[in-house]
Number of protein chains: 2
Amino acid sequence: MQTKPTTIKEIAQILGISVSTVSRALHDHPSIGLTTRAKVKKLAGELNYEPNQTAIFLQKGKTLTIGVILPELSEAFFSSAISAIEDTAYKKNYTVLLAQSHDDEQKEKQLVEKMKNHRVDGLLVSVGKNTSSYQHFENLKKYNIPVVYFDRIPAIPNIHYVACNMEIGTIEAVSYLLKKGHRAIGMINGPQTMVATGERKEGYIKAMTKNRLKYDPSLIVSCDLTEEGTRKALDELLASKRKPTAIVTFNDYVALFAIKHASKLNIRINKDLEFVSYANLPLINYMENIPAASVEQFPYLQGQKATDILMDLLHHQGTGGNEPSAFYKVIIESQLVENKK
Amino acid sequence: MQTKPTTIKEIAQILGISVSTVSRALHDHPSIGLTTRAKVKKLAGELNYEPNQTAIFLQKGKTLTIGVILPELSEAFFSSAISAIEDTAYKKNYTVLLAQSHDDEQKEKQLVEKMKNHRVDGLLVSVGKNTSSYQHFENLKKYNIPVVYFDRIPAIPNIHYVACNMEIGTIEAVSYLLKKGHRAIGMINGPQTMVATGERKEGYIKAMTKNRLKYDPSLIVSCDLTEEGTRKALDELLASKRKPTAIVTFNDYVALFAIKHASKLNIRINKDLEFVSYANLPLINYMENIPAASVEQFPYLQGQKATDILMDLLHHQGTGGNEPSAFYKVIIESQLVENKK
DNA sequence: AACTGCATTGCAAACGTTTGCGTGGCTAAA
DNA sequence: TTTAGCCACGCAAACGTTTGCAATGCAGTT
């Protein structure tokens, strides 16, 4: 029962020819006669021969495998991205080695080592929240293992990345609300430490100045993204002198927390108080009370682009360019989409 | 810049000793003197030596890698499962090779081949909806590659699997509603073709007979799981002679579609009409109108158990047992959880 | 008849490791 | 002084494949 996989060697022995001939025959090497080529292929088919990739990997120094390290597989954003990555890699005949860091820098480092040992050809990374040093990734450069960062990218020069800029989307979001007649627009933003928080704030301010309205700092409150924190933030906004008639929330979780809370306060969603959020949950289609519009961050697209870049890097390396111009920096512009209900 | 990774051979050369000695030294083989052992380790550290796994794989015939094939990575259920799989595998020092079939039998077959070529030590599979033959999986037995199926399991004998039985959960769900005083309990079930549909129906009937109530077939309607289909199903139920005061829905999507529709009909959710569903979305905490209770299917636990089983198989193989008793058949009982609001 | 050239094929090294077995030197027992 | 025994290490094969180069045979050319 325990059949060992057929090897090239066995085929050679049966046919009374050398392994090199078999190898070449299977690869349609021109220097092999058609008759032997046919014989070899026939027998290979009968014996159900499948090349042993591990041997090929060793021989070629390439594994046709890319590593993916991201914080949390079960997050909707990342599961969508990994889905894209797998799809894209598959098309190019690459396989995906997967690992999650759980936002733990230590584990992230270990994973990088593991990926290196597995001799992945390249790496796709979305860095953890708490990661402060990127040396473990940068070390890979020495081994000629290209790294492409996506979504959560480190703030260091000379890297390849694809990310989504929240500023444009935010401008669109605020403009959308302004066009609808809102003048007091609140924002429940994230923690000050996150770049994403800054981008949102910038977008907000730009949208206001662009429309010649003055920016009221008290209308932007930050929160810790928890339900409790969101409630407090909303209360704070509602208690402000200029009570907002619309609110931009940091993400869908915050939006839903806020909507839930507002409902309890007998505020009519999107009538008394209009919501716009940043899409990170696929649930919009299933609910009654949802933000009127969402800023889309295109996780699938990000995963796809990042993989494309990595593929490109893998097929054109050797040029060994290290000049800054040789680095891919793809920014996907976030985009406001109105939610149909 | 393009540093080649250090090899055992280089270490041997520098130290003027043989590769075998280096190899053994690094593995703390007792037959190596402490002084050489120390020297080797020191130099290995300095040169940042990392073993080349592909070489080890080839040598050992084991890859410390498990393949995972599932239908759709971006589905919440599966992304939760894969998260568990990765976590569990990581603890045992295994790596995860990931692929999605998109419910395409043809692609599924190709993926199995690919996994085989990559010489994964074992495989974790949740089969596609349309998969009719399981030969491509069963073939792996010949190569001594164990396969553990989870969640969506094929109806064939002599396989290892872990799945979640919906019957118990359904009985609990119906009993829960009965206890709350409901007598006319509707069910929006899935397509007749799915096993899951059958399990739900069975549970429903058992719960009724257990409580000495008679089962009214007109209260169970099947739907195609789309929004449109759900609306029709709900309308049908509401138009029935015995208008139900509670409804069990096939899954969260269906539940939310139904709730949305019911809301439009000015039916008060969980008052005029109480809902119970099967959990497959993580959104319950973020919404206002949600089912009163959900039947939990434990995707994380399923992934974990399946991986544990595979690990066990990998470490105790060679016993080569083929007797039915040697097959793991783990049924996780679904369980009703009340949703806090 | 000798030579050139091409079409086929084989040899052997290489990729980086692990591991069974052999071998040298040394210590301690006889 | 011999010998048994152990310690520490080296040799070489093996894992399955690819590939540069050499070798063979044969037809065609001069």
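Given the structure is predicted, the values throughout are model-derived calculations rather than measurements.
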Asker: Could you give all pairs that pass the salt bridge (charged side-chain N to carboxylate O under 4.0 Å, His left out) test and reach residues 21-36 of chain A, with sequence neighbours left out?
Answerer: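 Residue pairs with at least one partner in residues 21-36 of chain A: A:Asp28-A:Arg37, A:Asp28-A:Lys41.
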Asker: For nucleotides 19-26 of chain D, give me one character per nucleotide, 5' to 3': B if any protein heavy atom sits under 4.0 Å from the base, S if the only such contacts are to the sugar-phosphate, - if neither.
Answerer: BB------
Asker: How would you list all residue pairs meeting ring-ring contact (aromatic ring centres under 6.0 Å, His included) that involve residues 109-133 of chain B, not counting sequence neighbours?
Answerer: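 Only A:Phe57-B:His118 qualify under ring-ring contact (aromatic ring centres under 6.0 Å, His included).
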Asker: Over 60° means perpendicular and under 30° means parallel, so classify the ring planes of A:His160 and A:Phe327, tilted if in between.
Answerer: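 Rings of A:Phe327 and A:His160: tilted, 30 to 60°.
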Asker: Could you tell me from which nucleotide to which nucleotide of DNA chain C, 5' to 3', there is an atom under 4.0 Å from chain B heavy atoms?
Answerer: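 Span of nucleotides near chain B: C:dC15 to C:dG20.
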Asker: End-to-end bend of the helix from C:dA1-D:dT30 to C:dA30-D:dT1 (five-pair axes, 10° rounding)?
Answerer: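 Terminal axis comparison yields 70°.
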Asker: Excluding sequence neighbours, so at least two apart, what forms ring-ring contact (aromatic ring centres under 6.0 Å, His included) with A:Phe298?
Answerer: none
Asker: Starting at atom NE2 of B:His27, determine the distance to atom P of D:dC9, rounded to an integer number of angstrom.
Answerer: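 After rounding, the gap between these two atoms is 17 Å.
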Asker: When you check the gap from the basic side-chain N to the acidic O, do A:Lys109 and A:Glu113 get nearer than 4.0 Å?
Answerer: no
Asker: Taking the six-membered ring of A:Tyr161, is NZ or CZ of A:Lys305 closer than 6.0 Å to its centre and within 45° of its axis?
Answerer: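 Not satisfied by the 6.0 Å and 45° rule.
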Asker: With sequence neighbours excluded, what pairs up with B:Phe137 under the ring-ring contact (aromatic ring centres under 6.0 Å, His included) test?
Answerer: B:Tyr149
Asker: Please, which pairs that meet salt bridge (charged side-chain N to carboxylate O under 4.0 Å, His left out) have at least one residue in residues 144-155 of chain A, sequence neighbours excluded?
Answerer: A:Asp103-A:Arg152
Asker: Do any side-chain atoms of residues 78-87 of chain A form donor-acceptor pairs under 3.5 angstrom with protein atoms, and if so which ones, sequence neighbours left out?
Answerer:
residue : atom : partner  : partner atom : Å
A:Ser79 : OG   : A:Ala76  : O            : 3.2
A:Ser83 : OG   : B:Gln100 : OE1          : 3.3
A:Ser83 : OG   : B:Gln100 : NE2          : 3.1
A:Glu86 : OE1  : B:Gln100 : NE2          : 3.4
A:Asp87 : OD1  : B:Gln100 : NE2          : 3.1
A:Asp87 : OD1  : B:His102 : NE2          : 2.6
A:Asp87 : OD2  : A:Tyr300 : OH           : 2.7
A:Asp87 : OD2  : B:His102 : NE2          : 3.2

Asker: Which pairs with one or both residues in residues 4-26 of chain A pass ring-ring contact (aromatic ring centres under 6.0 Å, His included), sequence neighbours excluded?
Answerer: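 Residue pairs passing ring-ring contact (aromatic ring centres under 6.0 Å, His included), neighbours aside: none found.
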Asker: Specify the residues of residues 32-52 of chain A, ordered by number, for which at least one heavy atom lies under 4.0 angstrom from an atom of DNA chain C.
Answerer: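 Within residues 32-52 of chain A, the residues near DNA chain C are A:Ile32, A:Gly33, A:Thr36.
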Asker: Would B:Gln110 and A:Tyr90 count as having a side-chain donor-acceptor pair, cut-off 3.5 Å?
Answerer: yes
Asker: Base, sugar-phosphate alone, or nothing: which one does B:Leu58 contact when heavy atoms must sit under 4.0 Å apart?
Answerer: base
Asker: Verify whether one side chain among A:Ser132 and A:Glu105 offers a donor that lies under 3.5 Å from an acceptor in the other.
Answerer: yes
Asker: What residue pairs, at least two apart or across chains, pass ring-ring contact (aromatic ring centres under 6.0 Å, His included) with a residue in residues 11-47 of chain A?
Answerer: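 Listed by first then second residue: nothing to list.
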